[in-house]
Amino acid sequence: RMGGEYSYQFAEDYFGAFRAGVNDGSFTIGAGLVIMNRYNIDYAYVTEATDAFGENHRVSIGFNLK
């Protein structure tokens, strides 16, 4: 497993991130957004060498209870 991430603050309360990597021979790429350090939205594209369909799109939405 190996990967990297580049994050960027494009406004006072908004951060973005771009990610790419390899997991057990499968290529992955994704992006994320953090809003007001409380809400996050993430997207990932994963190629699955062992899956019959060969690729997956994954989206997650989360929030912190502060």
Can you measure from CG (Asn37) to CG (Asn64) and round to the nearest 0.5 angstrom? 7.0 Å
Return the CD to CZ distance between Glu5 and Phe18, rounded to the nearest 0.5 Å. 10.5 Å
Checking Arg1 against Asn23: is there a side-chain donor and acceptor pair closer than 3.5 Å? yes
Residues Asp42, Arg58: salt bridge by 4.0 Å N-O rule: no
I'd like to know if Met36 and Leu65 are part of one continuous hydrophobic network [Ile/Leu/Val/Met/Phe/Trp/Tyr, side-chain heavy atoms within less than 4.5 Å]. yes
Apply the side-chain contact (heavy atoms from CB on, under 4.5 Å) test between Leu33 and each candidate in Phe10, Phe15, Tyr39; give the one that qualifies. Phe10
Just by distance, with hydrogens left out, do Gln9 and Tyr14 show a side-chain donor and acceptor under 3.5 Å apart? no
Are Ile35 and Phe63 linked, directly or through intermediate hydrophobic residues, by side-chain heavy-atom contacts shorter than 4.5 Å (ILVMFWY only)? yes
Measure the OH-CD1 distance between Tyr43 and Ile29 for me, rounded to the nearest 0.5 Å. 9.0 Å
How many angstroms lie between CZ in Arg19 and OG in Ser7, if you round to the nearest 0.5 Å? 9.0 Å
Say whether, by atom type as modelled, one donor and one acceptor occur between the side chain of Thr47 and the main chain of Phe27 under 3.5 angstrom. yes
Taking Thr28 for its side chain and Ala20 for its backbone only, find out whether a donor-acceptor pair lies under 3.5 Å. no
